[in-house]
Trainee: 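First, the structure itself, so that you have it in front of you.
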Amino acid sequence: MSTTGKVIKCRAAILWKPNAPFSIEEVEVAPPKAKEVRIKIVATGLCGTEMKLLGSNTRYPIILGHEGAGIVESVGEGVSTVKTGDKVITLFLPQCGECASCLNSEGNYCMQIKQSFTNLMSDGTSRFTCKGKPIYHFANTSTFSEYTVIREISVAKIDKVAPLEKVCLISCGFSTGYGAAINTAKVTPGSTCAVFGLGGVGLSVIMGCKAAGAARIIGVDINKDKFEKAKELGATECISPQDFKKPIQEVLVDMTGVGVEFCFEVIGNPEMMAAALASCHESHGVCVIVGFLKSGVQINIDGFLFLSGRTLKGSIFGGWKSRDNVTKLVSEYMAKKINLDPLITHNLNLDKINEAVELMKTGKCIRCVLIL
Ligand code: PAD
Ligand code: ZN
Ligand code: ZN
């Protein structure tokens with residue numbers, strides 16, 4: 001029996017208040033309105049960004065989740081690019097194709113992302129209710145729900161045979177890291193790179209550096225358990241800042257003689273961002289900030305560092321224009337040109353989401369993919 005046009009009752013992980021555990025609840029998911037798509041989420045990763053948001057002052061109650069893949073259940077009026085049954089990836093960064101960023105060949109920060117900061121759909125309402133209360137959306141994706149409603153501009157149609165429990169990582173972690181190396185830093189063959197933070201995103205940076213032909217890739221993390229996988233994916237050496245008396249930027253300058261040509265901060269720590277910049281080659285070093293800082297957090301940087309020509313850059317979603325490139329990245333995965341599998345260390349059912357949080361908190365997993 002078709003569910004099109006009807007409210008769907010399903011399970012979702014709700015965060016009722018800051019720092020509370022997720023609670024699995026029955027929610028009602030309203031049908032998609034104009035230019036919206038209702039998706040049956042099949043798999044979703046838990047990303048480092050979510051971990052940073054668990055105690056934040058976002059709007060509650062909320063359904064988080066942004067690293068998702070699923071199947072279109074139904075579409076609202078005027079939707080033309082996807083249809084019922086299509087396999088899709090959810091995009092926290094939309095691509096409207098019409099704003100100043102989408103029309104510029106360089107940027108990828110679609111201005112329509114700002115709509116998702118309201119935690120509501122474009123008409124100012126929510127499609128989720130639980131126990132009679134409206135539940136806020138997150139990143140216009142809310143993938144920690146068996147069904148979600150998102151805008152058409154935040155959906156990428158993908159290969160119909162793609163394994164959703166793997167390619168969901170293209171929705172955020174993999175693309176963010178890989179693209180930060182390839183698109184944002186534009187890592188050059190034979191270069192020396194350093195990657196601060198060896199989580200799912202940092203390891204994807206390493207894969208991007210390797211694919212770009214970097215000769216030396218130094219992984220930096222305080223959790224040495226991450227070193228083995230980093231080396232498997234392309235790091236030529238790994239170091240922990242805790243093993244040195246000197247600040248890590250001095251260690252990296254000593255190791256390389258001149259500083260690294262490309263340095264990536266993939267932790268979300270303001271001190272490490274300053275250290276990453278100072279680790280770069282004085283003249284042509286490029287430092288890319290991938291790690292997330294909440295609005296208002298300042299980075300304390302010695303202004304003299306810029307005199308010699310270093311570059312500091314931000315990067316969102318690896319610089320990819322989302323709808324155009326996610327489909328292509330999935331095709332590259334299917335053609336075995338990129339490999340996501342080593343990033344997935346755990347699979348759990350949605351009911352076990354609090355265990356996934358614990359695995360992330362204790363640094364025991366790279367990516368835990370939740371199966372819905
Ligand atoms: P993660 O928690 O899996 O990885 C972070 C890693 O940093 C872990 O291995 C930690 O051990 C390590 N770490 C923590 N503190 C330090 C320290 N002081 N020195 C060295 N290493 C340390 O997260 P992730 O890989 O999923 O995400 C990493 C960051 O990237 C995080 O800030 C997240 O919010 C951000 C992100 N940004 C985008 C974007 O579009 N810019 C997208 C997705 C994630
Ligand atoms: Zn993410
Ligand atoms: Zn746009």
Side-chain angles (χ1 to χ4, degrees), residues 44-53 56 64-68 90-104 107-115 138-139 141 143 151 153-154 168-180 183-184 194-206 219-227 229-230 238-243 247-248 264-273 275-276 288-294 297 313-324 343 345 356-357 359-368:
T44 175
L46 179 66
C47 168
T49 307
E50 251 110 35
M51 298 301 297
K52 296 197 167 232
L53 291 171
S56 77
L64 297 179
H66 66 279
E67 205 171 62
T90 64
L91 305 170
F92 72 88
L93 177 66
Q95 185 186 353
C96 75
E98 291 168 1
C99 73
S101 298
C102 284
L103 293 173
N104 188 294
N108 69 330
Y109 189 71
C110 173
M111 299 296 163
Q112 286 293 334
I113 193 176
K114 293 181 184 171
Q115 188 280 324
F138 169 67
T141 49
T143 58
R151 296 200 292 171
I153 56 171
S154 290
C168 60
L169 294 199
I170 290 175
S171 176
C172 181
F174 173 78
S175 312
T176 295
Y178 191 75
N183 303 321
T184 312
V195 182
F196 287 32
L198 304 175
V201 184
L203 293 175
S204 303
V205 173
I206 289 181
V220 179
D221 202 298
I222 48 174
N223 180 354
K224 291 187 184 178
D225 293 344
K226 306 278 173 122
F227 291 180
K229 185 135 287 176
C238 289
I239 53 173
S240 165
Q242 292 171 338
D243 286 348
I248 194 69
F264 301 84
E265 203 278 358
V266 204
I267 304 165
N269 174 323
E271 282 89 45
M272 295 312 279
M273 290 176 182
V288 176
I289 304 296
V290 181
F292 171 81
L293 294 183
K294 286 178 191 160
V297 177
K313 285 177 134 181
S315 180
I316 184 162
F317 196 55
W320 303 104
K321 285 193 192 289
S322 60
R323 293 192 94 191
D324 289 349
L343 300 174
T345 52
V357 169
L359 286 167
M360 281 292 272
K361 268 192 190 155
T362 52
K364 294 203 174 81
C365 78
I366 301 297
R367 272 295 193 269
C368 179

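The residues of the chain are indexed from 1 along the displayed sequence. In listed order, ligands and their atoms are each counted from 1.
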Trainee: Taking 2.8 Å as the limit, list every protein N, O or S atom around the Zn ion (ligand 2), by chain and residue number.
Mentor: Cys47 SG, His66 NE2, Cys172 SG

Trainee: Any idea how Phe138 and His66 line up, ring-wise: parallel (<30°), tilted (30 to 60°), or perpendicular (>60°)?
Mentor: perpendicular

Trainee: Anything protein N/O/S under 2.8 Å from the Zn ion (ligand 3)? Just list residue and atom, please.
Mentor: Cys96 SG, Cys99 SG, Cys102 SG, Cys110 SG

Trainee: I'd like to check whether Phe292 has a polar contact with ligand 1, where a contact means an N/O of the residue lying under 3.5 Å from an N/O of the ligand.
Mentor: yes

Trainee: Considering Val201, Thr176, Val195, which one's heavy-atom position lies nearest to atom 25 (O) of ligand 1?
Mentor: Val201

Trainee: Determine whether any heavy atom of Glu271 lies closer than 4.0 Å to an atom of ligand 1.
Mentor: no

Trainee: Between Thr184, Asp221, Ile239, Leu93, which one has a non-hydrogen atom sitting closest to atom 8 (C) of ligand 1?
Mentor: Asp221

Trainee: Checking the N or O distance criterion of under 3.5 Å, is ligand 1 in contact with Gly197?
Mentor: no

Trainee: Show which atoms of ligand 1 fall inside a sub-4.0 Å distance from at least one heavy-atom site of Cys47.
Mentor: 43 (C), 44 (C)

Trainee: So how far is it from Leu93 CG to Asn108 CG, rounded to the nearest 0.5 Å?
Mentor: 5.5 Å

Trainee: I'd like to check which ligand 1 atoms, numbered from 1 as shown, lie under 4.0 Å from a non-hydrogen atom of Asn269.
Mentor: 18 (N)

Trainee: With a 4.0 Å cut-off on heavy atoms, is Gly363 in contact with ligand 1?
Mentor: no

Trainee: Is a side-chain donor-acceptor pair under 3.5 Å present for Thr143 with Thr44?
Mentor: yes

Trainee: Checking contacts here: is it the side chain or the backbone of Lys52 that comes within 4.0 Å of ligand 1, counting heavy atoms only? Could be both or neither.
Mentor: side chain

Trainee: For ligand 1, is there an atom lying under 4.0 Å from some heavy atom of Met272?
Mentor: yes

